[in-house]
Amino acid sequence: MADSDVKKPARTGINVLDLSTGVVGPYCAKLIGGFGAEVIKIEDPKGGDPTRRLGPFPDDIPHPEKSGLFLHLNINKKGITLNVGCATGRKLFLELIRGTNILVESYGAKALDEIGLGKAVLEEANPRLIHASVTPFGSDGPHAAYQANDIQIYATGGQMITQGQPDREPVNLAPNVVLYQTGLLAALGALSAYYAVEREGRGQTMDASEVELLTASADGRTNSLVQYQFSGEDTRRGGYGGGAGYPNGFYRCADGFIHFHSPGRFAQAVRMIGRPDLITDPRFATPQAQGEPGHREEFMEIFTPWLMSHTKREIWKLGLEYNFYSSPVNTTQDVLDDPHFREREAWAEVDHPVLGKTTVPGAPVKMGSGSCQVRRPAPLLGEHNVEVYGKLGYSPRDLVTLRATGVI
Amino acid sequence: MEKPLHGVRVLDLTQVEAGPIGCSFLCDLGAEVIRVESTKYWQYITRGASPRPSRAQVQNMPQKGGYPGGDPGERPWNRYGKFHSFNRGKLSFTVDLTRPEGRDILLRLAKISDILIDGNAPDVTKKMGVDYAALSQVNPGIIYVGIYGFGSTGPYGGQPSMGPLLGSFIGHDLMRGYADSAPLSNGLTVNADPAAGAMAGLAAVQALIERRETGKGQYIEVGIGENFLSHLGQFYMDTVFNGRGASPLGNRHASFIQGCYPCRGEERWVAITIEDDAQWEGFCAALGNPPWTREERFGDVISRRRNQDALDQRISEWTQQQDASYVMRVLQANGVAAAALLNASDAYADPQLQARGYFQPVTSPEVGTYLFPGPPWRFSESSNAIERPSPALGEHNEYVYKELLGFSDEEYRRYEELGHIGDEPPAK
């Protein structure tokens with residue numbers, strides 16, 4: 001990376017207005033903000049984004065300014081309060097829209113239309129606006145008004161039915177993982193649409209359904225759909241690692257767990273454990289032999305003591321030497337302590353007015369220009385009311401009135 | 001209005017999943033994406049596990065290996081399902097980058113391109129003399145995005161890895177799975193790769209925007225593990241705040257009532273989340289307010305949490321009597337998030353996806369016509385159509401060599417003889 005370009009990113013001057021709640025919209029806005037765009041987050045005057053109520057909290061004590069989830073999702077943003085449900089609120093909103101390049105919202109077209117902020121109104125206020133509308137199922141169709149948390153999006157748009165063991169219920173991924181993915185896809189669409197405004201001279205709406213974003217983008221879903229079309233065979237919930245091609249899958253070891261993913265590399269695995277003789281052992285010499293009843297168990301009788309006398313990092317390193325791919329199944333503390341991620345600047349520190357100095361995940365991508373940075377923490381509720389409304393010409397006394405009347 | 005990235009040219013130097021899917025997003029957004037392929041080098045699980053599997057081999061694979069009708073056909077490398085999933089809309093040309101004139105071809109192409117996505121190990125393009133240093137010499141505006149497992153720097157810089165393993169490395173496998181048996185019972189999941197692909201696309205677009213101001217391109221790295229870490233941010237915040245590691249919740253939620261419940265029929269499931277008192281009332285109403293819902297042990301949010309095992313049992317008893325689609329409809333009508341789990345055939349039949357016109361017919365000469373998932377986004381003014389199928393190997397050799405690089409017929413023939421230009425992969 002060019003040292004001379006670090007810390008002097010291009011001033012691209014993009015203004016983002018974030019009228020979203022939950023994970024998808026806020027993460028989409030956060031990512032665009034990470035590159036240096038100014039993101040103004042609009043929150044309901046009464047309590048703000050509901051995410052402020054969700055943990056993790058320090059010492060598990062809920063506090064509206066101390067939600068770890070809210071902090072992570074709203075890094076780099078400025079925050080204002082605004083009630084868009086009232087006439088004055090809508091007027092202020094449209095004033096903000098005039099100076100906005102990208103609007104991110106999770107209300108949906110119909111809900112915005114119902115409160116007088118429909119497509120025609122927004123286009124008139126700002127014909128160059130990119131309106132990124134993100135809803136669970138999309139703006140139209142029989143399920144347009146349906147609600148969803150991450151598990152419903154994964155159930156509908158992801159591979160959930162194939163995840164887990166065949167004799168048990170299908171199982172979710174870690175909470176919210178699919179929503180971060182859809183937020184990322186939404187950001188890609190929104191920023192691309194913004195890129196085109198200079199060429200086209202006007203903006204447009206991006207109607208993004210979380211289910212469609214996920215279907216098109218994650219965990220082999222697209223692939224399983226296409227392969228179903230090609231083969232007529234549906235996907236199945238299969239056991240992983242229990243079959244042939246061992247060792248493959250998750251195994252216990254001395255200090256936790258190791259994940260092997262080198263199916264068919266039996267020779268490499270047994271060389272790694274110092275038992276090259278097993279390559280020609282009739283029990284394991286061919287895939288068919290390996291699959292004979294009892295042979296896997298016999299292999300595990302040899303393999304398990306070796307696993308239990310090596311740590312996950314030892315096994316991982318050895319595997320690299322022997323061309324056998326694995327990974328330690330790391331804890332969050334393992335990752336936080338890992339010098340690799342520190343050197344890669346995977347973490348950043350913010351100075352939060354209430355939390356104090358706090359470690360947070362850092363920039364997810366390394367730009368040669370240095371433009372992707374953690375610059376400021378998430379905003380306190382209404383923290384930038386004076387600044388943002390001040391730019392629109394409202395004095396602090398006006399803000400007192402706006403507060404008293406429930407607008408901000 | 002033209003598609004957002006109309007006029008942008010992307011060189012796709014990727015294989016397997018992360019890179020190809022990232023490039024496919026840029027392609028869906030309207031960029032011209034040219035896959036840099038080879039008749040001399042077989043990419044890992046990109047156009048197949050092997051170039052020419054037999055029919056017998058394919059018949060035994062899950063979903064028939066992804067080959068239409070389970071038939072590898074005469075040119076299996078053009079019929080592999082996974083390739084068709086991630087590469088529709090792209091162009092393909094062939095060149096042998098290990099030879100000096102091949103390297104020159106890529107440099108000439110880089111001169112008239114905007115973005116190159118590198119999905120190989122960090123030292124591969126360096127060794128071939130087509131890394132960022134080389135490309136930026138001929139085109140200072142080139143945007144070079146490397147997608148690398150651990151990145152190119154740091155203690156593990158350049159180490160080989162793959163998506164499922166990076167998920168384990170970055171902590172995901174202790175955050176997911178059945179609460180009583182994770183990670184040993186965890187299935188294979190590949191989330192880090194598509195996330196990296198999407199981030200590569202996003203960063204490339206940001207770089208295009210920056211280039212308008214600076215006139216210059218840049219070198220960008222997406223570390224697959226680092227990028228995915230961001231999707232797990234809330235668990236890291238718990239460790240930062242409380243020194244606490246994650247524990248898998250299965251299908252449960254940290255605070256709400258949530259689960260995956262069996263419905264009538266085989267492998268029919270519904271995922272339900274009941275957040276608060278209001279949604280509990282909606283849930284009860286959807287069931288017709290049976291007496292069990294009025295038991296004190298289910299009467300408030302704390303009691304419901306404490307008695308969730310019993311509550312899950314009761315919910316299952318109800319869902320098992322119903323079709324999953326009915327459960328979804330009646331709960332949603334009463335303000336509760338519920339969704340039927342969809343397998344592949346369910347997805348194609350889903351009324352919402354159908355109403356949205358989400359699936360589009362795509363015709364590929366060597367495969368036929370099939371319905372494909374559409375682009376992820378729906379733009380109001382620009383087209384959302386899939387414009388062409390996934391390319392055959394070397395399908396666009398003439399376009400790239402003759403139209404883009406100005407080769408004469410004679411030069412083209414010479415490069416065919418040299419083995420750069422072709423439409424068949426190596427023997428194995």
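Only heavy atoms go into these numbers, but all of them, side chains included; no hydrogens, no water, no symmetry mates. Below, read A as the first sequence line, B as the second, and so on, with proteins coming before strands; counting in each chain starts at 1. Note that the structure is a prediction, hence the values are computed from the model and not measured.
Both the backbone and the side chain of A:A187 come within less than 4.5 Å of a heavy atom in chain B. Proximity to chain B involves both the backbone and the side chain of A:R168, based on heavy atoms less than 4.5 angstrom apart. When heavy atoms are compared at a cutoff of 4.5 Å, A:E200 approaches chain B solely by way of its side chain, counted from C-beta outward. For A:E343, the part lying under 4.5 angstrom from a heavy atom of chain B is the side chain only.
Looking only at heavy-atom pairs under 4.5 Å with chain A, the residue among B:Q332, B:Q218, B:M237 that has the most is B:Q332. For the set B:F150, B:F86, B:F359, the count of heavy-atom pairs under 4.5 angstrom toward chain A peaks at B:F150. No other option in B:A246, B:S255, B:A340 has as many heavy-atom pairs under 4.5 Å with chain A as B:A340. The candidate from B:P262, B:S382, B:A254 with the greatest count of non-hydrogen atom pairs under 4.5 Å with chain A is B:S382. When each of B:I272, B:T273, B:D238, B:V222 is scored by its heavy-atom pairs under 4.5 Å with chain A, the top score falls to B:T273. Annotation: maximal heavy-atom pairing with chain B below 4.5 Å, among A:A216, A:G232, A:A193, A:A363, occurs at A:A216. Note: B:H231 leads B:M175, B:H172, B:H231 in heavy-atom pairs under 4.5 Å with chain A. Contact tally against chain B (heavy-atom pairs below 4.5 Å) for A:S139, A:G256, A:G158: the top residue is A:S139.
Residues A:F257 and A:Y251 place their aromatic rings such that the two centres sit no closer than 6.0 Å. Ring centroids of B:F235 and A:H72 are separated by 6.0 Å or more, keeping the two rings apart. A distance below 6.0 Å separates the ring centres of A:F250 and A:H259. Residues B:F169 and B:Y156 place their aromatic rings such that the two centres sit under 6.0 Å apart. Between B:Y219 and B:Y144, the ring center distance clears the sub-6.0 Å criterion. Between A:W316 and A:F260, the distance from one ring center to the other does not fall under 6.0 angstrom.
Side-chain atoms of A:T182 and A:Y27 include no donor-acceptor pair closer than 3.5 Å.
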